[in-house]
Visitor: 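Dropping the structure in here first, questions after.
In what follows, chains carry the letters A, B, and so on, assigned in the order in which the sequence lines appear, proteins first and then strands, with residues in each chain numbered from 1. Everything quoted here is computed from the prediction, not taken from an experiment.
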There are 2 protein chains.
Amino acid sequence: MPRKPAAATAALDLPLDRIIEGDCIAAMAALPEASVDLIFADPPYNLQLKGELHRPDNSQVDAVDAAWDRFASFEAYDAFTRAWATEARRVLKPDGAIWVIGAYHNVFRVGATLQDLGFWILNDVVWRKSNPMPNFRGKRFTNAHETLIWAARSDAGRPVFNYDAAKALNEGLQMRSDWVIPLCTGAERLKGADGAKLHPTQKPEALLHRVLVTTTKPGDVVLDPFFGAGTTGAVAKRLRRRWIGIEREPAYVEAARRRIEGVRAVSEEAASATPSKRAEPRVAFGQLVERGLLRPGEVLRSACGRKQARVRADGTLVCADATGSIHQIGAHLQRAPSCNGWTYWHFERDGAVVPIDALRSAIRAEMQV
Amino acid sequence: MPRKPAAATAALDLPLDRIIEGDCIAAMAALPEASVDLIFADPPYNLQLKGELHRPDNSQVDAVDAAWDRFASFEAYDAFTRAWATEARRVLKPDGAIWVIGAYHNVFRVGATLQDLGFWILNDVVWRKSNPMPNFRGKRFTNAHETLIWAARSDAGRPVFNYDAAKALNEGLQMRSDWVIPLCTGAERLKGADGAKLHPTQKPEALLHRVLVTTTKPGDVVLDPFFGAGTTGAVAKRLRRRWIGIEREPAYVEAARRRIEGVRAVSEEAASATPSKRAEPRVAFGQLVERGLLRPGEVLRSACGRKQARVRADGTLVCADATGSIHQIGAHLQRAPSCNGWTYWHFERDGAVVPIDALRSAIRAEMQV
DNA sequence: GTGAGTTATGAATCTTGAA
DNA sequence: CTTCAAGATTCATAACTCA
């Protein structure tokens, strides 16, 4: 891993767990390259609203009309996107990744720009709002979702994905690309002195929770170049990730700072993701033989019992016409391109047929102690 | 409606309810401009698959590897998209609309191109697959959705949207932008002579059903430039829409033709949309007075009873400080920008409080006879 | 305190026809 | 073209009022 030292040095210069007040492009340009693990970006959507909208009860909809959401043209918006995404890519570590959230107004342009810059899209994830605002005039479908793009810095990168944690969050089923999460309302929604919402587009913490639990590790550096009300920082602190926020509006900076001060981090144990199987210590099949858990010469069988091979002292298997690893021989006998030998092969003890993976688990349990 | 005659003339030249075998760009170029009501496009996704993928049981995933899905670069894909979408826009009527379906590999580029060409996005709709293929490698979230873009030919267009039909399809609630529909499997999936699926990306009829019921009227012309297995034609025929398919592969053309021959159209009544309130004949408030359903001088009240006004012989209302239509006086008394007087005002008969809209309904019922 | 009823509100590209 | 006016249109949730 030739990158470790560089990253470690860079980390010294990082303004961790702080909000940088200023323009995100300039602020990112001042950060060292290859220093950040994950970026979460919630850029302006460029909504292009015309006129006012009233509900059927004649109350007025409080729309997004901030200056920061207005762009002169698609070209201007694209140029802005290219500029910030280029800097974002520069500060990402090689195995880093980015999340960008958007709606149909902007997300297609953002996605295409990310691809053009060399980002490699891993998933688009749909945030399905359980309580969206209806379409009051009945002219379209209720706009009930927003889209997140999850992309690696490049197609060569290997970004963090806590598969088992994601599965656990989804009650034991693989997590899908559509997430049902309510809007940010009630006590979670930051209010100004006048009691009105402080920020027009504050994101729910549940969304960031899912992003950070599934695609970062504790201690990872998470950068949010459009920090706004600071949801990314609040959730990162709670989950024991390091964070950097960039925000232009002093009012948002101040509110986010106070908000994050009030957040307490969970315990280290709670912050650690469900351990991934891949991250568990490797065990060589030969260790089972070395430790006497399997005898050289012992016969292993497939689950159905139709295929068999014999264990050799060096931890290889031998069958009628080949010799090799548990994986190779399993694949060979099935005429399959590959095979997980740990789950394919079984042995017999006291009349019961047991997968050899049970022995690997036993060794790992010992290693934990 | 100055466009009617032109469209009617053009329709004479249209190859309706037929499949054109050939390249979609050339074929669309041969169609008259402003002649089509709706386009449904399922272009190649440019999947960029590398190598083979196997399930945990070692069976091979039958991936999309057709030549028509391969492009040399994003630039080549964009040029292709621009070419077909430009022709598509030309053949659309001014109030026409387009649906395009895609996945994260291509949909961002397609959406941005549509916007660049002047299409006006109305919604992005998420097709949530109830039975997606899992992610076998456990490296990403299960890719459980595809995205459809619904766009008007321009921001000045007024595309068909059968709001009430959509609401009815969704059990009386506004239809949202996320649709749960299963993959096309089982008997619906066309099979080749070898029993294998005929087309790698055949779309479910339920998807087209929803698209056509909500955004076309019976008799509308629906064009599908990437006809494939002909789902658009099959559903259009069933729902009594006219259709045009364009497809390059002779095998698909032949299969789609046979498939559509076997489809029977539903009855005219079944094909008609839930009637919209906007489409009902206009009734002037004055007619209620003329017919003696309300007496000049009679008092009307708001539902809560707090506001009131008096009916005049000419069909206007008068309150303490203003005179005007039922809508104007309702808005005035509420200090609201507008008001639907038909539902706001109530009168009393035999002790019951009745909205004046009940009288309008009675008149409309008479007009039917 | 409790429950029923009322009001407020959320990233919104949100009308149509006649004159 | 523009202007004017008719009139069609909302779901989930939280907070508040009041009996």
Visitor: Measure from the side-chain heavy atoms of A:P56 and tell me the nearest of D:dT9, C:dA12, C:dA11.
Guide: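 Of all the options, the side chain of A:P56 is nearest to D:dT9.
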Visitor: Just to be sure I understand the rule, does B:R278 reach a base, reach only the sugar-phosphate, or reach nothing, if contact means heavy atoms closer than 4.0 Å?
Guide: sugar-phosphate
Visitor: Using atom NE2 of A:H145 as one end and atom P of C:dA11 as the other, report the distance to the nearest whole Å.
Guide: 15 Å
Visitor: Using the P atoms only, state how far D:dT9 lies from C:dA11, rounded to an integer number of Å.
Guide: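 Between the two P atoms, the distance is 25 Å.
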Visitor: If we call it a pair only when both distances are under 3.5 Å in a Watson-Crick or G-U wobble match, what pairs with D:dG7?
Guide: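 Matched D:dG7 with nothing under the 3.5 Å cut-off.
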Visitor: Run the side-chain contact (heavy atoms from CB on, under 4.5 Å) check on A:T231 and A:Q202 step by step: do they pass?
Guide: CA-CA 7 Å; A:T231 306; A:Q202 184 181 338; 3.9 Å; yes
Visitor: Nearest to the side chain of B:D164, which nucleotide is it out of D:dT9, C:dG10, D:dA6?
Guide: D:dT9
Visitor: Please report the distance, rounded to the nearest Å, between NE2 in A:H54 and P in D:dT9.
Guide: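 These atoms are roughly 18 Å apart.
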Visitor: Does one side chain, of B:D178 or B:H145, offer a donor that lies under 3.5 Å from an acceptor on the other?
Guide: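 Checked: B:D178/B:H145 side chains show no N/O donor-acceptor pair below 3.5 Å.
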Visitor: Under 4.0 Å from OP1 or OP2 of D:dT10: is there any side-chain N or O of B:Y163 that close?
Guide: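 Looking at the OP1 and OP2 atoms of D:dT10, one of them is under 4.0 Å from a side-chain N or O of B:Y163.
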Visitor: Whether A:K139 contacts C:dA12 is assessed here as follows: a side-chain N or O lying under 4.0 Å from the phosphate OP1 or OP2. Is that the case?
Guide: no
Visitor: Run the ring pair (Phe, Tyr, Trp, His ring centres under 6.0 Å) test on A:F40 and A:W243 for me, step by step, so that the C-alpha distance in whole Å, both residues' side-chain angles and the decisive distance to 0.1 Å come before the verdict.
Guide: CA-CA 10 Å; A:F40 184 89; A:W243 56 272; over 10 Å; no
Visitor: Return yes if the base of C:dA11 and the side-chain atoms of A:D42 contain a donor-acceptor N/O pair under 3.5 Å, otherwise no.
Guide: yes
Visitor: Looking at every strand, decide which applies to B:A284 at a 4.0 Å heavy-atom threshold: base, sugar-phosphate, or nothing.
Guide: nothing
Visitor: Output yes when at least one side-chain N/O atom of B:H327 is less than 4.0 Å from OP1 or OP2 of D:dG7, else no.
Guide: yes
Visitor: When you compare C:dA19 with D:dG7, how far apart are their P atoms, in angstrom units rounded to a whole number?
Guide: 13 Å
Visitor: Between D:dA12 and A:R55, is there an OP1 or OP2 to side-chain N/O distance shorter than 4.0 Å?
Guide: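 So the side chain of A:R55 is outside the cut-off, no N or O lying under 4.0 Å from OP1 or OP2 of D:dA12.
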Visitor: Go ahead and name the base partner of C:dC14; Watson-Crick or wobble counts if both distances stay under 3.5 Å, otherwise write none.
Guide: none
Visitor: What contact category does B:C339 fall into here, base, sugar-phosphate, or nothing, at under 4.0 angstrom with non-hydrogen atoms?
Guide: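 The answer is base, as B:C339 lies within the cut-off (heavy atoms under 4.0 Å) of a base atom.
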Visitor: So for A:K129 and C:dA11, does any side-chain atom that can act as donor or acceptor lie under 3.5 Å from a complementary atom in the base?
Guide: no
Visitor: Nearest whole Å is fine: how far is C:dA12 C1' from B:W120 CH2?
Guide: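 Rounding to the nearest Å, CH2 of B:W120 and C1' of C:dA12 are 11 Å apart.
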Visitor: Taking the side chain as every heavy atom from C-beta outward, state whether B:S276 and B:D164 have any pair of such atoms under 4.5 Å apart.
Guide: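 Yes, their side chains come closer than 4.5 Å.
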Visitor: Say whether, by atom type as modelled, one donor and one acceptor occur between the side chain of B:Q308 and the main chain of B:V299 under 3.5 angstrom.
Guide: no
Visitor: Could you walk me through whether A:W68 and A:Y252 pass the ring pair (Phe, Tyr, Trp, His ring centres under 6.0 Å) test, one step at a time?
Guide: CA-CA 13 Å; A:W68 50 253; A:Y252 298 156; 7.1 Å; no
Visitor: Check every strand shown and say whether A:G51 touches a base, only sugar-phosphate, or nothing at a heavy-atom separation below 4.0 Å.
Guide: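 Base, at least one base atom sits under 4.0 Å.
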Visitor: Please check the phosphate of D:dA8 (OP1 and OP2 only) for any side-chain N or O of B:R360 closer than 4.0 Å.
Guide: yes
Visitor: Name the residue closer to the 5' end of DNA chain D, choosing between B:T343 and B:S325 according to the nucleotide with the nearest heavy atom.
Guide: B:S325
Visitor: Looking at B:V110, B:D124, B:T113, which one forms a side chain to side chain contact (heavy atoms under 4.5 Å, CB included) with A:F108?
Guide: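 Passing option: B:D124.
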Visitor: When the distance from CD of B:E171 to C1' of D:dT10 is rounded to whole Å, what number comes out?
Guide: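 Roughly 18 Å, once rounded to whole Å.
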Visitor: Identify whether any heavy atom of A:A63 sits under 4.0 Å from a base atom; if not, whether one sits that close to sugar-phosphate; answer base, sugar-phosphate or nothing.
Guide: base
Visitor: Round to a whole Å and report the spacing from CZ of A:R189 to C1' of D:dT13.
Guide: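 A:R189 atom CZ is separated from D:dT13 atom C1' by 14 Å.
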Visitor: Remember a base hit wins even if backbone is also touched, and classify A:K203 as base, sugar-phosphate or nothing at under 4.0 Å, heavy atoms.
Guide: base
Visitor: Students often get this wrong, so: under 4.0 angstrom with heavy atoms, is A:E52 touching a base, only sugar-phosphate, or nothing?
Guide: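 Since a base atom lies under 4.0 Å of A:E52, the category is base.
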Visitor: Heavy atoms only, 4.0 Å cut-off, all strands: where does A:N143 land among base, sugar-phosphate and nothing?
Guide: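 The answer is sugar-phosphate, as A:N143 gets under 4.0 Å only of primed atoms, P, OP1 or OP2.
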Visitor: Under 30°, 30 to 60°, or over 60°: which ring-plane class applies to A:W179 and A:W99, parallel, tilted or perpendicular?
Guide: tilted
Visitor: Could you tell me whether the phosphate oxygens of D:dA8, OP1 or OP2, come under 4.0 Å of any side-chain nitrogen or oxygen in A:R137?
Guide: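 No, outside the criterion.
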Visitor: Rounded to the Å, how far apart are A:L198 CG and C:dA11 P?
Guide: 13 Å
Visitor: Using Watson-Crick or G-U wobble geometry with both distances under 3.5 Å, which nucleotide pairs with D:dC16?
Guide: C:dG5
Visitor: Return the nearest nucleotide to the side chain of A:F136; candidates are C:dT9, C:dC14, D:dA6.
Guide: C:dC14
Visitor: Kindly say if A:K197 contacts the phosphate of C:dG10, meaning a side-chain N or O under 4.0 Å from OP1 or OP2.
Guide: yes
Visitor: Measure from the side-chain heavy atoms of B:K277 and tell me the nearest of D:dA6, D:dT9, C:dA12.
Guide: D:dT9
Visitor: Over all strands shown, is A:P182 touching base, sugar-phosphate only, or nothing at heavy-atom distances under 4.0 angstrom?
Guide: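 Answer is nothing: A:P182 stays at 4.0 Å or more from every strand.
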Visitor: Contact class for B:I121 vs. all strands (heavy atom < 4.0 Å): base, sugar-phosphate, or nothing?
Guide: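 Answer is base: heavy atoms of B:I121 come under 4.0 Å of a base.
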Visitor: Whole-Å distance between D:dA5 P and B:W342 CH2?
Guide: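 Going from CH2 in B:W342 over to P in D:dA5 covers 18 Å.
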Visitor: Output the rounded distance in Å from CE (A:M133) to P (C:dT9).
Guide: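 My rounded result for the distance is 12 Å.
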Visitor: So what does A:V107 touch, heavy atoms closer than 4.0 Å: a base, only the sugar-phosphate, or nothing?
Guide: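 Result for A:V107 = nothing.
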Visitor: Which nucleotide wins on minimum distance to the side chain of A:L183, given the candidates C:dT16, D:dA5, C:dA11?
Guide: C:dA11
Visitor: Under 4.0 Å between a side-chain N or O of B:N340 and OP1 or OP2 of D:dA8?
Guide: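 Yes, such a contact exists.
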Visitor: Given the P atoms of D:dT17 and C:dG1, what is the spacing between them in whole Å?
Guide: 16 Å
Visitor: Does B:D155 reach a base, just sugar-phosphate, or nothing at all? Heavy atoms under 4.0 Å.
Guide: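 No contact.
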Visitor: Please classify the nucleic acid contact of A:P204 as base, sugar-phosphate, or nothing, using heavy-atom distances under 4.0 Å.
Guide: nothing
Visitor: Could you check which of D:dT10, C:dA11, C:dA12 has an atom nearest any side-chain atom of A:V61?
Guide: C:dA12
Visitor: Any cation-pi pair here, A:R109 with A:F74, using under 6.0 Å and within 45°?
Guide: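 Verdict for A:F74: a cation-pi partner in A:R109.
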